[in-house]
K.L.:
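The structure that follows is given in the form of structure tokens.
Model, not experiment: these values are computed from the prediction.
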Amino acid sequence: MESNQAAIAVGVFLVAYAFIISEKIHRTVVALAGAVLIIMLGVVSQEQAIHHIDFNTLGLLVGMMVIVAITSETGLFRFLAIWAAKAVGGDPLKLMIALSVITALCSALLDNVTTVLLIVPVTLSITKQLNVKPAPYLISQIIASNVGGTATLIGDPPNIMIGSAVKELDFLAFVNNLTGIAMLILIVNIIILVLIYHKQLKTTAELSAKIMSLDPGNQIKNAKLLRICLAVLTLTVTLFFFHQQLHLESATVAIFGAALLMLLGKKNSDHDLESIFHKVEWVALFFFVGLFILVGGLVDTGVISLLAQKAMELTAGNPTTTAMIILWLSAIASAFVDNIPFVATMIPLIKDMGALGMTNLEPLWWSLALGACLGGNGTIIGASANVIVAGLAAQEGYPISFVRFMKVGFPLMLLSILIASIYVYLRYLI
């Protein structure tokens, strides 16, 4: 390890991380500036930098973003929300449960950021009609979105990054290892949220009747396009299940689904190709690009290897100790800082632990996924979905303060990680 280059890589990374946490400059600008800086300072060459960009992660994100962008045109999410409100008879408490479950399911199959963008405006509309405070619903949906996103490979960016970095961990592996525990944690969280909010969520029979008079079918703007979207989404998820057996990368499956939907939906959509690509979150994608290069600088200069070696010395290579440290460290860190850069740093660290002699890395990967995804529920800034919900709520005059969310979210996050710890220990470590 050349000390000068290593010092530069660490210095640039830490300064960039500090700016990302402070949010004084947009995190994408910070990540790209840091990436360019380590190239210009000779820490990595441009060719090495490009090599460090994980195009499988980027391709998977782009493909799913396009699928969601087209599906959102159909009115499916408004339909689901109003259908749920009618299914529970306009009862505010039951509605909170129903919307939480829908949010978790959609977060698992699409992604949690897109899900809350589409669900929250409808939630605010329904709560206004029921004359109940929206905060319990929004807090519940934040928590459900992060727990639901934990369940699959495509639900949350940390999982996408882990699945892309570790080829053995395909879509089916995430379902087998994380979906069950995510469902259990979701049920526990919903029960506690019901106990917290049941006295606040009451309305009149007249207002419930008004909700019952709504027709969810009127929310479907384009039934033909909806049928096409559901068929393509079903095919895409099916291919995710079998992508390893078919020798296809997850990005290939997602981009295939996006291309097929653009092809089949072209004649049935009101929007042209340019408007669909306008909905792709390019800002987030370029944040990933800069981040991959920044972490690549730490890898190439040997910093990550050194950290892995120190971690192995600290835990004496004990799998149980290492897994628990990763799980709890990931959770606490992800509650206060963006989990994406944290996971990007941890992935090569865990890989190097394997190179140093730790034979069974599986508990470490699932600990990282559980900690990073569930840790997002700790504070209002813990995950991108949280920030988006808070922003949408503030725009409508219902601000959710940092302290207000943390009073509910942080204890629930700690309980979730405690459950996850028992799960990891019992399933992988005894």
K.L.:
Could you tell me whether Trp83 atom CH2 has more than 12 heavy atoms of other residues or ligands within 6.0 Å of it?
P.N.:
no
K.L.:
Pick from Val389, Thr103, Ile388: which one makes a side-chain contact (heavy atoms from CB on, under 4.5 Å) with Ile142?
P.N.:
Val389
K.L.:
Quick one: pull up CG in Leu110 and OG in Ser145 and give me the separation to the nearest 0.5 Å.
P.N.:
12.5 Å
K.L.:
For Asn131, look at atom CG and say whether over 12 heavy atoms of other residues, nucleotides or ligands are found less than 6.0 Å away.
P.N.:
no
K.L.:
Counting C-beta onward and ignoring hydrogens, is there a side-chain heavy-atom pair between Leu364 and Leu368 closer than 4.5 Å?
P.N.:
no
K.L.:
Among Leu184, Ile181, Leu186, exactly one meets side-chain contact (heavy atoms from CB on, under 4.5 Å) together with Val147. Which residue is that?
P.N.:
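Of the listed options, the one satisfying the test is Leu186.
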K.L.:
Return each pair, listed once, that meets side-chain hydrogen bond (donor to acceptor under 3.5 Å, both in side chains) where at least one residue sits in residues 373-383; pairs must be two or more places apart or across chains.
P.N.:
Asn146-Asn377
K.L.:
Indicate whether the side chain of Ser164 and that of Asn56 have a donor and an acceptor atom separated by less than 3.5 Å.
P.N.:
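Short answer, yes.
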K.L.:
Would you compute the distance between atom CD1 of Ile380 and atom CE of Met406 and round it to the nearest 0.5 angstrom?
P.N.:
11.5 Å
K.L.:
For Lys86, does the NZ atom have more than 12 heavy-atom neighbours from other residues, nucleotides or ligands under 6.0 Å away?
P.N.:
yes
K.L.:
Hey, is the main chain of Cys229 close enough, under 3.5 Å, to the side chain of Thr71 for a donor-acceptor pair?
P.N.:
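No; zero donor-acceptor contacts below 3.5 Å.
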K.L.:
Give a yes or no on this: more than 12 heavy atoms of other residues, nucleotides or ligands lie within 6.0 Å of atom NZ of Lys167.
P.N.:
yes
K.L.:
Do Phe292 and Met161 come within less than 4.5 Å of each other through their side chains, counting heavy atoms only?
P.N.:
yes
K.L.:
Should the pair Trp366 and Phe174 be assigned to parallel (<30°), tilted (30 to 60°) or perpendicular (>60°) ring geometry?
P.N.:
perpendicular
K.L.:
Within a radius of less than 6.0 Å around CE of Met183, do more than 12 heavy atoms belonging to other residues, nucleotides or ligands occur?
P.N.:
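No, not enclosed.
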K.L.:
About how many Å separate CD of Glu168 and CG of Leu361, when rounded to the nearest 0.5 Å?
P.N.:
9.5 Å
K.L.:
Kindly indicate whether the side chain of Phe342, heavy atoms from C-beta on, has any atom under 4.5 Å from the side chain of Leu329.
P.N.:
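Yes. Closest side-chain heavy atoms under 4.5 Å.
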K.L.:
Any idea which heavy atoms bring Ser72 and Lys279 closest together, and the distance?
P.N.:
OG-NZ, 3.9 Å
K.L.:
Could you check whether Asp352 and Ser305, counting side-chain N and O atoms only, form a donor-acceptor pair closer than 3.5 Å?
P.N.:
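On atom types as modelled, these side chains qualify, holding a pair under 3.5 Å.
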K.L.:
Does any donor atom in the side chain of Ser208 or Thr203 lie under 3.5 Å from an acceptor atom in the other side chain?
P.N.:
no
K.L.:
Output the distance between atom CD (Glu362) and atom CG (Leu429), rounded to the nearest 0.5 Å.
P.N.:
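Separation between the atoms: 10.0 Å.
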K.L.:
What do you reckon, is CZ of Arg404 surrounded by more than 12 foreign heavy atoms closer than 6.0 Å?
P.N.:
no
K.L.:
Nearest 0.5 Å please: distance from the CG atom of Asp300 over to the CD1 atom of Ile293.
P.N.:
11.5 Å
K.L.:
Once rounded to the nearest 0.5 Å, what's the spacing between atom CE of Met64 and atom CG of Leu109?
P.N.:
8.0 Å
K.L.:
Grab the two heavy atoms, one from Asp54 and one from Ala165, that are nearest each other, plus how far apart they are.
P.N.:
OD2-N, 4.3 Å
K.L.:
Counting distance only, does the side-chain N/O of His198 pair as donor-acceptor with the main-chain N or O of Leu195 below 3.5 Å?
P.N.:
yes
K.L.:
Just by distance, with hydrogens left out, do Asn177 and Tyr428 show a side-chain donor and acceptor under 3.5 Å apart?
P.N.:
yes
K.L.:
Taking atom CZ of Phe410 as the centre, does the number of heavy atoms from other residues, nucleotides or ligands within less than 6.0 Å exceed 12?
P.N.:
yes
